[in-house]
Amino acid sequence: MEDSVTDPARTARHLSASDPVRELPPHDLAGFTHRWVDGDGVRLHAAEGGPATGPAVVLLAGFPQTWWAWREVMPLLARRFRVLAIDLPGQGHSERPARGYDTHTVAAHVHAAVQALGVPSYWLAAHDIGAWVAFSLALGHESRLRGLALLDAGIPGITLPEAIPTDPDQAWKTWHFAFHLVPELPETLLTGREREYVGWFLRKKALSPDTFGEAEIDHYAAALAAPGGLRASLAYYREAAESARRNHEALERRHLTLPVLGISSSHGSIPDMAASLSPWADDTTGVVVPEAGHFIPDEQPEAVAAALTDFILGSA
């Protein structure tokens, strides 16, 4: 079952009925349509635009963001491609289930939603936790993917370092992995302070602290503060060991053979995504986006769109 909202003048009642997270009105983006679709038992939100007959590109965002992280990249890609920016379970305007946040379980929901939207095969580009899910999705559904692009992500068991660094110049990039794993304490400390927490991540991890305005911080903080948002966001970290175990279980059978693009940035968390991915994928290339921190799609959208376009057209 699928619902869509294409006209901003449509009634708020219909929009509210479609959206599992009614406390968080979705942003409009010119040329894109909001859709909600059943992803094998979990209702997921997608923003769709571009030519319906063009090659399909699915975009996934990470913590602490939503599909809105891709807002400046999407119109650039939509000139050539059918673009679907999907909120993961527990993220943005998607349903927030009580359990099932290991990345293979989440990947199955995302892939089912894409199929339900009438997309038999697609390119997949993902950042941060979205890349965790995308890697697992490729392991489970490689035959349906045409290529995979992963942006600055410490993927459990794959590109995530075995030990968290203690050097203060590096520790601030990954300290939150351990914090998010602690039962109950993050919820106690962060509930009611979601905006301060989100603001720290966005401004500290971007190369320029001016990348994110107050409205964007408000949006992402509201998504985290909406019922189930904080719990779901932490659940991805709390299921990271299971995600890593299932990744390695799948990789014992075979490595990825589809084209894989690792996108790093000059000031990101993973210096060389391509090198980190190459032990697990047979056809890996990489690019480094200059003048960017961790949030590459927000900081350098034109460069990201160009890298994805070149990757897709060069691999097609």
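Each residue takes its place number in the sequence, starting with 1.
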Is it the case that [X] and [Y] place a side-chain donor and acceptor less than 3.5 Å from each other?
X    : Y    : value
Q115 : R144 : yes
H104 : S243 : no
H93  : D87  : no
H111 : Y122 : yes
S276 : T159 : no
E142 : T257 : yes

Take D282 and L256 through the side chain to side chain contact (heavy atoms under 4.5 Å, CB included) test and state the conclusion after the steps. CA-CA 6 Å; D282 298 337; L256 294 176; over 6 Å; no
Using only atom types and a distance under 3.5 Å, with no angle test, would you say the side chain of [X] pairs donor to acceptor with the backbone of [Y]?
X    : Y    : result
R96  : G92  : yes
H267 : E291 : no
T211 : S208 : yes
S315 : P259 : no
S269 : D152 : no

How long is the span from the [atom1] atom in [X] to the [atom2] atom in [Y], to the nearest 0.5 Å?
X    : Y    : atom1 : atom2 : value
E216 : D298 : CD    : CG    : 7.0 Å
H180 : L230 : NE2   : CG    : 8.0 Å
L185 : F179 : CG    : CZ    : 5.5 Å
F135 : T103 : CZ    : OG1   : 9.5 Å
T309 : L76  : OG1   : CG    : 8.0 Å
L124 : L59  : CG    : CG    : 8.5 Å

Student check: side-chain heavy atoms of [X] and [Y] closer than 4.5 Å:
X    : Y    : result
I86  : W67  : no
V304 : E72  : no
L88  : Y236 : yes
L137 : W132 : no
L84  : V57  : no
L261 : V287 : yes
H45  : V37  : no
E95  : W36  : no

Angle between ring planes, W123 versus F311, binned at 30° and 60°: parallel, tilted or perpendicular? perpendicular
Flag the pair W280 / H248 as yes when their ring centroid distance falls below 6.0 Å, and as no otherwise. yes
Quick one: are the ring centres of Y101 and Y237 less than 6.0 Å apart? no
Quick one: list whatever passes side-chain contact (heavy atoms from CB on, under 4.5 Å) with A244, sequence neighbours left out. P156
Decide side chain to side chain contact (heavy atoms under 4.5 Å, CB included) for F177 and L160; before the verdict, give the C-alpha distance in whole Å, the side-chain angles of both, and the deciding distance to 0.1 Å. CA-CA 10 Å; F177 280 81; L160 182 65; 3.7 Å; yes
Restricting to non-hydrogen atoms, name the atom on [X] and the atom on [Y] that form the minimum distance, rounded to 0.1 Å.
X    : Y    : answer
S121 : R146 : OG-CD, 3.8 Å
D19  : P26  : OD2-CD, 3.9 Å
G90  : P97  : N-CD, 4.2 Å
G49  : A78  : C-CB, 4.4 Å
Q91  : G62  : NE2-O, 3.6 Å
N247 : S136 : OD1-OG, 2.8 Å

Decide whether [X] and [Y] are clustered together by the hydrophobic rule: side chain heavy atoms of Ile, Leu, Val, Met, Phe, Trp, Tyr closer than 4.5 Å, transitively.
X    : Y    : value
I263 : L207 : no
L258 : V119 : yes
V21  : V110 : no
L181 : W175 : no
I312 : I296 : yes

Please determine whether the number of non-hydrogen atoms from other residues, nucleotides or ligands lying under 6.0 Å from atom CZ of R254 exceeds 12. yes
Hits for ring-ring contact (aromatic ring centres under 6.0 Å, His included) against F201, two or more places apart or cross-chain, chain-then-number order -> F63, H176, Y197
Pairing residues for H294 by the ring-ring contact (aromatic ring centres under 6.0 Å, His included) criterion, not counting sequence neighbours: H127
Can you tell whether the side chains of [X] and [Y] come within less than 4.0 Å, N to carboxylate O?
X    : Y    : answer
R238 : E187 : yes
E214 : R203 : yes
K205 : E299 : no
R245 : E239 : no

List the steps, then state whether side chain to side chain contact (heavy atoms under 4.5 Å, CB included) holds for I270 with D272. CA-CA 6 Å; I270 307 296; D272 191 337; over 6 Å; no
Can R246 and D102 be said to form a side chain to side chain contact (heavy atoms under 4.5 Å, CB included), step by step? CA-CA 9 Å; R246 295 188 66 178; D102 75 86; 3.1 Å; yes
Out of the candidates L224, L202, D128, only one should pair with Q65 under the side chain to side chain contact (heavy atoms under 4.5 Å, CB included) rule; please name it. L202
